[in-house]
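Presented below is the structure to which this report refers.
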Amino acid sequence: MAPSVSDIVPPVTDAIADLKLAATKENKGLSYPFYYPYYDPNEKFPPTQVYEHTDPGAKADRAKPHLLTPETSVSHLSPFLGTEVSGVQISQLSEEGLNELALYAAERKVLIFRNQDFKDIGPDRQIEIAKHFGRIHRHPTSGNVKGYPEFHVVYQDAEHDMLREVIPDERINRTQWHSDVSYEKQPAGTTFFFILDQPEVGGDTLFASQVEAYNRLSPEFKKRLEGLRAVHSAFEQAESSRRRGGIVRREPILTEHPVVRRHPVTGEKALYVNQGFTRRIVGFKTEESEYLLKFLFDHIAKGADFQIRARYEPGSVVVWDNRVTAHSATGDFNPADRRHAVRLTPQAEVPTE
């Protein structure tokens with residue numbers, strides 16, 4: 001069982017100075033140098049083991065009285081996904097409030113919280129909150145924080161263009177729809193992303209509802225997806241890291257998941273394939289698999305009427321349910337600008353139909 005976080009800790013303003021360490025040549029100008037991406041070539045992780053996961057949203061009060069208080073205001077960005085939330089601090093939610101947060105993220109798919117103190121409460125408290133939603137994934141190739149492998153650091157500035165390294169110039173655009181670490185036996189569930197430095201314009205994230213993408217399909221087409229499974233691969237991510245001189249902390253794997261999965265709390269069905277990690281349909285010949293996956297990938301990418309564009313500023317925290325969404329970074333900001341954010345990625349259940 002996840003540890004209780006119902007005991008609210010006092011504000012940790014004294015710890016903010018520890019997070020804003022003295023700048024070095026590498027991290028000069030960062031608002032939060034503590035979270036500068038760290039790569040240790042000697043850091044190795046064993047294969048990820050399956051664990052028993054119970055979604056905290058299953059224990060939530062459907063009315064959400066601890067999250068949606070009279071002081072809380074919400075603004076929906078789309079009928080299908082995306083809600084901006086103000087008047088509540090994630091760091092101060094009780095255990096009941098965090099359960100309701102899991103449920104609300106499952107229902108609305110993407111939640112954007114403004115003016116949060118989450119970036120200032122310190123790594124231990126950040127990890128404690130995220131652990132309420134499941135075991136935190138340790139990424140095999142991305143930058144993390146020294147001493148804290150639970151953090152997945154997103155960093156880009158004039159000298160570090162990770163998006164260009166991952167998606168090269170041969171592509172017309174650098175959108176890459178994916179669900180985080182879908183190659184794991186237990187992929188990501190309720191996910192946290194907090195912003196440290198952000199360009200004034202651009203650097204947003206596109207999100208799509210995989211529930212609505214499934215709902216748009218005809219009944220006959222849905223029948224043809226029933227029982228299908230797809231292979232998700234970590235190999236390309238690992239090979240890309242090695243090619244650019246990066247690290248691989250855990251050897252890559254292939255995992256099969258259902259093409260359509262069901263959310264354990266809401267019961268909603270969602271497409272569970274993505275351009276980033278899904279490679280083939282089990283039992284199909286190559287051309288058949290490519291044909292079906294291309295249709296599904298195009299359907300997700302072109303569904304502007306079930307997508308949102310999430311905009312951020314320092315202090316924003318995005319909480320989304322990776323099981324029922326796909327997302328893509330946008331590299332549309334000035335290359336001289338800095339974009340610095342951190343993800344905490346609790347793993348959820350083994351996907352089922």
Side-chain angles (χ1 to χ4, degrees), residues 2 4-16 19 31-32 55-133 189-198 200 203-207 209 265-266 307-322 324-325 327 340-344 346:
S4 172
V5 290
S6 58
D7 296 327
I8 303 303
V9 298
V12 289
T13 52
D14 292 343
I16 298 176
L19 301 178
S31 299
Y32 288 79
D55 195 294
K59 300 179 287 185
D61 185 330
R62 298 275 168 171
K64 308 176 192 67
H66 303 88
L67 176 68
L68 304 181
T69 68
E71 291 73 35
T72 305
S73 62
V74 300
S75 176
H76 300 314
L77 304 180
S78 158
F80 308 112
L81 78 164
T83 297
E84 292 201 6
V85 184
S86 59
V88 60
Q89 288 289 339
I90 294 173
S91 65
Q92 297 176 21
L93 290 174
S94 64
E95 181 173 359
E96 293 81 5
L98 292 175
N99 293 343
E100 293 166 12
L101 176 59
L103 175 60
Y104 201 36
E107 292 173 344
R108 291 298 305 157
K109 317 306 186 274
V110 182
L111 305 174
I112 305 169
F113 292 83
R114 305 296 186 186
N115 302 313
Q116 296 293 297
D117 64 6
F118 196 85
K119 61 183 174 25
D120 296 320
I121 62 177
D124 295 313
R125 177 66 175 145
Q126 291 161 350
I127 290 170
E128 180 189 14
I129 291 172
K131 275 186 175 178
H132 184 78
F133 302 87
T190 308
T191 305
F192 289 73
F193 189 68
F194 58 99
I195 313 302
L196 305 174
D197 288 305
Q198 178 73 8
E200 288 188 12
D204 310 320
T205 305
L206 304 172
F207 287 92
S209 169
V265 177
T266 66
Q307 298 173 5
I308 61 166
R309 183 174 180 128
R311 292 183 168 86
Y312 313 133
E313 63 274 335
S316 296
V317 178
V318 188
V319 183
W320 78 94
D321 197 319
N322 251 304
V324 290
T325 57
H327 63 278
H340 190 193
V342 180
R343 192 180 81 207
L344 284 164

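Numbers for residues simply follow the sequence, beginning at 1. Treat the numbers as computed from the prediction; the structure is a model and nothing was measured.
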Lys131 with Glu128: basic N within carboxylate O range, under 4.0 Å
no
Is any side-chain heavy atom of Asp321 less than 4.5 Å from a side-chain heavy atom of Phe133?
no
I'd like to check the ring-ring contact (aromatic ring centres under 6.0 Å, His included) partners of His340; sequence neighbours left out, ordered by chain and number.
Tyr155
Distance, nearest 0.5 Å, that separates CG of Leu68 from CG of Leu101:
9.5 Å
All heavy atoms of Thr190 vs all of Pro346, minimum pair found to be O-CD, 3.0 Å
Roughly how far, to the nearest 0.5 Å, is NE2 of His66 from CG of Asp61?
7.5 Å
Hey, are the side chains of Ile308 and Phe80 touching, using non-hydrogen atoms and a 4.5 Å cut-off?
no
State, yes or no, whether a side-chain contact exists between Pro65 and Glu100 at a heavy-atom distance under 4.5 Å.
yes
Is the closest side-chain heavy-atom distance between Thr205 and Val110 below 4.5 Å?
no
With a 4.5 Å cut-off on side-chain heavy atoms, are Lys119 and Ile195 touching?
no
Inter-residue atom distance Leu103.CG - Leu98.CG, 0.5 Å rounding
12.5 Å
Sorted by chain and number, sequence neighbours left out, side chain to side chain contact (heavy atoms under 4.5 Å, CB included) with Pro314 holds for Gln198
Assess the residue pair Thr69 and Val88 against the criterion (side-chain contact (heavy atoms from CB on, under 4.5 Å)); give the C-alpha distance rounded to whole Å, side-chain angles, the decisive distance to 0.1 Å, and a yes or no.
CA-CA 8 Å; Thr69 68; Val88 60; 5.9 Å; no
Any non-hydrogen side-chain atom of Arg343 less than 4.5 Å from a side-chain atom of Thr191?
yes
Can you find a pair of side-chain heavy atoms, one from Val342 and one from Leu196, that are under 4.5 Å apart?
yes
Considering residues at least two apart in sequence or located in another chain, which fulfil the side chain to side chain contact (heavy atoms under 4.5 Å, CB included) criterion with Thr83?
Val74, His76, Val85, Tyr104, Arg108, Leu111
Spatial distance of atom CD (Gln126) from atom CZ (Phe192) [nearest 0.5 Å]:
11.0 Å
Mind checking whether Glu84 and Leu77 have side chains closer than 4.5 Å, heavy atoms only?
yes
Close aromatic pair by centroid cut-off 6.0 Å: Phe113 and Phe118:
no
The salt bridge (charged side-chain N to carboxylate O under 4.0 Å, His left out) partners of Arg311 (sequence neighbours excluded) come to Asp204
Measure across Thr72 and Leu67 and return the closest heavy-atom pair with its distance rounded to 0.1 Å.
OG1-O, 3.0 Å
Taking all non-hydrogen atoms of both residues into account, name the closest pair between Val265 and Arg62 and its distance.
O-NH2, 3.7 Å
Thr266 and Val324: CA distance, side-chain angles, deciding distance, side-chain contact (heavy atoms from CB on, under 4.5 Å) verdict:
CA-CA 11 Å; Thr266 66; Val324 290; 5.7 Å; no
How far apart are the closest heavy atoms of Ser209 and Leu81, and which atoms are they?
N-CD1, 3.7 Å
With sequence neighbours excluded, tell me which residues meet side chain to side chain contact (heavy atoms under 4.5 Å, CB included) with Gln89.
Ser91, Gln92, Gln116, Asp117
Could you tell me which residues satisfy salt bridge (charged side-chain N to carboxylate O under 4.0 Å, His left out) with Asp197, sequence neighbours excluded, listed by chain and number?
none
